[in-house]
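Every chain is numbered from 1 and lettered A, B, ... according to where its sequence line falls, protein lines coming before strand lines.
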2 protein chains.
Amino acid sequence: MAQQKSGHVTLLDIARACGFSVSTVSIVLSEAPLSQNVAASTREQIRTMARQLGYHPDAFARSLRRRHSQTIGVLAYDLTDPYCIPIVRGIQAGLHPTNYLPLLMDAQIQRRLFDSYLKMILERRAEGVIVIASWIFEETNLLADIEKNHVPIIIVGRDLTSRRISSVFVDNEAGGSMAMRHLCELGHRRIAVIRGPEELFDSKPRWTGVRKAATEAGIRIDPRLVFQLPNSVDPFSSFEGGLHCAKQMLASGRSFTAVLAFDDLTALGVVRGLSEVGLRVPEDCSVLGFDDVLPATVSTPAITTIRQPLKEMGLQAVEWALKALEKREQGVDLNPQSHKAVPELVVRKSSSRPPERKSQMR
Amino acid sequence: MAQQKSGHVTLLDIARACGFSVSTVSIVLSEAPLSQNVAASTREQIRTMARQLGYHPDAFARSLRRRHSQTIGVLAYDLTDPYCIPIVRGIQAGLHPTNYLPLLMDAQIQRRLFDSYLKMILERRAEGVIVIASWIFEETNLLADIEKNHVPIIIVGRDLTSRRISSVFVDNEAGGSMAMRHLCELGHRRIAVIRGPEELFDSKPRWTGVRKAATEAGIRIDPRLVFQLPNSVDPFSSFEGGLHCAKQMLASGRSFTAVLAFDDLTALGVVRGLSEVGLRVPEDCSVLGFDDVLPATVSTPAITTIRQPLKEMGLQAVEWALKALEKREQGVDLNPQSHKAVPELVVRKSSSRPPERKSQMR
DNA sequence: TGTTGACATTCAAACGTTTGAATATTAGAA
DNA sequence: TTCTAATATTCAAACGTTTGAATGTCAACA
C-alpha cells in the first residue's frame, strides 16, 4: 500500500505515514546528534511506525551519502580448505567489536573468480581488503587498481612485503625445525620428508627449517627419502599426494621410522598409505603434520602437528587494516608491515619413539 | 590529482579528463544500448582513460539508481562445520552463470550474529536470501521484515514449509533406513545407535528411518544400546559426543558389533573411543556415519556413510531463489516449495561383516 | 527551402539517504 | 515591546550513477 515500486520501505514511506518530513525521520532513525532536539513524542511515533512497516535503511543510499561503506573485503582462496576457516574466524572476531562488516568471498582457487571477486570488492567500496592466500597469487592488474583507489590491503598466508603489501604469515622455518627436532628427540634417525609443492610459498622455508634441525641433531636426511607434492591446488589433492608418496616410500625399499609431512592432509594420506600395507601409526612409524586443521584432530590416531596460530593471524590482519584506515583518515600512508607468527608443536598420538627392531621396516 | 575527496575515481573524473559529459562516459562504460551511437573514437578515448585512472563503478550509486543489487544473501549457521561448505559451493556454482553475486555471512551459531547479519543482508538490499541452518532457527522477528520487504527466502537443511518458507533438506528417514539396512545386510544384529540432539531437526526423522528398517529386517534395537547426543551446537562437540557415547557403550557391558552414529563427526568420535580400548574398526566393530564430510573421507579407516547431496541442495536453493525473483518481476508471489533430496549410501572401510566370535565384545 | 532522420552528445531528474543551513515556534530576559 | 536562546522541524543540496528526453549537427530527400 504505502510501498514504493521498489518493494522496499523508505524514509519517505514513514514520513508520509506519520506526517513528518523525511529529514526528521532520518534524524530520528539514524540517531543523529540533532535527534536530541526532536520531541520525545515525535521520536516515539516515528520509531513505532518504522518498526511497523519493517523499515531497514538502504545501505546503498546511506553509504553513498556518508562516503563510508563500513566494509572490509575478505577474499579467501578456497573455503573448502580447512586452513582458511580459522583465519576467517579470526577476521570476524577482530571486526566484531568495530562496526565494520566483512564482505566474504571464496575464490575457489580460480584465478578468474579471484579477479572478479576482487573487482566486486572494489566496486562495493570496501574500505580495506584482506586476502587469504597461501597459494599463488601473482600480480593481478587489479592490485594496481587497489592502490590507485587508496584501499589498504593485507595478505595473510604469505610474505608479499617485497611488493609493498603488508603480510601476516607463519614462521615456516621455525615450524619445520620444530617438527624435525621433535622426531629427533623421540629417537628417530631415518626420517622421510614430504616437501610442499614447488610453487607454494610455504614450501621452501619449511624445508630449510627441517634441514637445519636435522643438521643440528647430527642427522643426515636420505635424499631418496625426500618426496615432493605435485603443484596442485585443492586441499583434497594433498591427501592424495600423501597417499601416493607413502606408496613410493614403501616401494623404495628404504627403511624409515617416521614421516614428516608437509601438512595435515598430507599426513593423513600417509597414514592411509601405511595402513594399507598393515603398518600402524605410531607403533611402526610416526607421522607428523603441519597446520593443525580439524581433520587432524578428529582422526584416529590424532595427528601430531605444528600448529599455525591461524585465528591470531586473522586478528593481526584486521588490526593492521583498521590502523591503516585510521591513518588514511589523517592523510598518512602507512608503510607495509609484516608479521611472522610463531608456530607451536602439538603432540598428539601419531608420534612416538621408533620401534625397537629396525628390521620391522624391511 | 584528479581524485575526489573520497579517494575513489568517479565518472566525473573521467569526464573532465577527456572532455566529455558524465552521461557520455556512463553510457560508454556501462555499455548501455545508446553506446552504439557514440563515436568509436570517443568510446576508445573514454575506455583507455578509465583504465588509466583505475576506475571502478560505485556499486552503491549504481544499485541505487538501477534499483537492483544483483545480490543474493547467503547466511550460514557455521562455516566451521564441514557440512556447510559444500552447500555454499553449490550456491556459488548456481549463481555463477547468472550475474548475481553471493553475499556470504557466517553466523557462528550465535543468535545475535544471525540477526545482525540478516539485518545487514536486508540493508544491502539482497534480492533474495538463502539460509543454511540444519540447526535451530526459530522465529526471528526479522523474518517478518523479510516478508514485508518482499524478499524471497529459501532455507536449506530443514523443513520450514509450515512457516511458508521454501525448504530444501535431505530425506532423513530414507537415509536412516539405508544406514540400518546396510548394517543388517552385512549380518549385524546387535547394533548400537547414537541419535542426534533433541532440538535438531534431522534427529527425529532419521531415527524413525532407522527403526523402520530394523523392524523390516526383523531386528530388535536394544534400548540400552541407544544413546543421544546432547543439545550442543558446534561441530566439534559431536565428535566429543561420539567419543563419550562409545565409552558409555563399552561400560554398559552389552555386546554390539556395529554403531550407527548420527553424523560423521560422531562416527569419528566413536572410532576414537573404540580404539582407546584396543578395538579395531571395522574388524571388531563397524561404524557408520551420516553426511559425508571431508574428515570422514580422509581418516583411516575411511568412514562408510550416508551421503547428503549437499552441493545439489545448494543448487536447488539457488534455482528457486532465481525463479522467485523472476516471478516477482511479473508481480506474482510464488508459493513456498519443498524438496527432499535423496541420500546415498557410500560404502567405505569402516563397515564390514561382524566378527565371528561374539565373545570378542565381552 | 524545409523536412526527415540518422548520428553524436548532453540535460536534468531520479534512486534513498544525510546534514549544514534555514525556518518556525515558544519562553524568558531586557 | 524587542531581543536572545532554546527547542522543534524542514529545506535543499549532495553522494555517483543511469536514462528518457532534449539538443545539436549533418546529409539526403522532396
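A sub-4.0 Å separation between OP1 or OP2 of dT18(D) and a side-chain N or O of Arg66(B) is present. Using a 4.0 Å cut-off, some side-chain N or O of Thr24(B) falls inside it from OP1 or OP2 of dT10(C). Put simply, Arg62(B) has no side-chain N or O that comes within less than 4.0 Å of OP1 or OP2 on dG16(D). Taking 4.0 angstrom as the limit, Ser26(A) places a side-chain polar atom (N or O) nearer than this to OP1 or OP2 of dT18(C). One finds a side-chain N or O of Thr42(B) lying less than 4.0 angstrom from the OP1 or OP2 phosphate oxygen of dT9(C). For Ser21(A), no side-chain nitrogen or oxygen approaches OP1 or OP2 of dT9(D) to under 4.0 Å.
Comparing dT19(D), dT9(D), dA12(D) by their closest approach to the side chain of Ile27(B) singles out dT19(D). Here the nucleotide nearest the side chain of Thr10(A), chosen from dG16(C), dT17(D), dT10(D), is dG16(C).
Checking side-chain atoms of Asp81(B) against main-chain N and O of Cys84(B) turns up no donor-acceptor pair under 3.5 Å. Counting only distance, with no hydrogens or angles, the side chain of Ser35(B) and the backbone of Glu31(B) share no donor-acceptor pair below 3.5 Å.
The residue Phe60(B) sits apart from the nucleic acid: no heavy atom pair falls under 4.0 Å. Within 4.0 Å of Asp58(A), counting heavy atoms only, lie sugar-phosphate atoms of the nucleic acid but no base atom. Among the atoms of the strands shown, only primed sugar atoms or phosphate atoms (P, OP1, OP2) are found under 4.0 Å from some heavy atom of Ser30(B).
Aromatic ring orientation, Tyr83(B) versus Tyr77(B): tilted (interplanar angle from 30° to 60°). Ring planes of His339(A) and Trp320(A): perpendicular class, angle over 60° (limits at 30 and 60°).
One can place CD1 of Ile14(A) at 12 Å from C1' of dT17(C), the figure rounded to the nearest angstrom. When the P atom of dC15(C) is taken as reference, atom CG of Asp13(A) falls 11 Å away, rounded to whole Å. As rounded to whole Å, 14 Å separates atom C1' of dA8(D) from atom CD of Gln45(A). Spacing between atom CG of Leu12(A) and atom P of dT18(C) amounts to 14 Å, rounded to whole angstrom units. At whole-Å resolution of the value, CZ in Arg124(A) and P in dG16(D) are 18 Å apart. Arg67(A) has its CZ atom 15 Å from the C1' atom of dG20(C), to the nearest Å. Atom CZ of Phe20(B) is separated from atom C1' of dA8(C) by 10 Å (rounded to the nearest Å). Going from atom CG of Leu64(B) over to atom P of dC15(D) covers 14 Å, rounded to whole Å.
By the 4.0 Å N-to-carboxylate-O rule, Arg89(A) lies close enough to Asp78(B) to be salt-bridged with it.
DNA chain C is contacted by both Ser23(A) and Ala40(B); Ala40(B) maps to the nucleotide lying nearer its 5′ end (nearest heavy atom per residue). Heavy-atom distances to DNA chain C give each of Ala61(B) and Gln36(B) a nearest nucleotide, and the one nearer the 5′ end belongs to Gln36(B). Nearest-nucleotide positions on DNA chain D place Ala39(A) closer to the 5' end than the other of Ala39(A) and Val22(B).
Of all heavy-atom pairs between Val38(A) and Arg43(A), the closest is O-NH1, 3.1 Å.
Residue-to-nucleotide contacts include no donor-acceptor pair under 3.5 Å from the side chain of Arg65(B) to the base of dT17(D).
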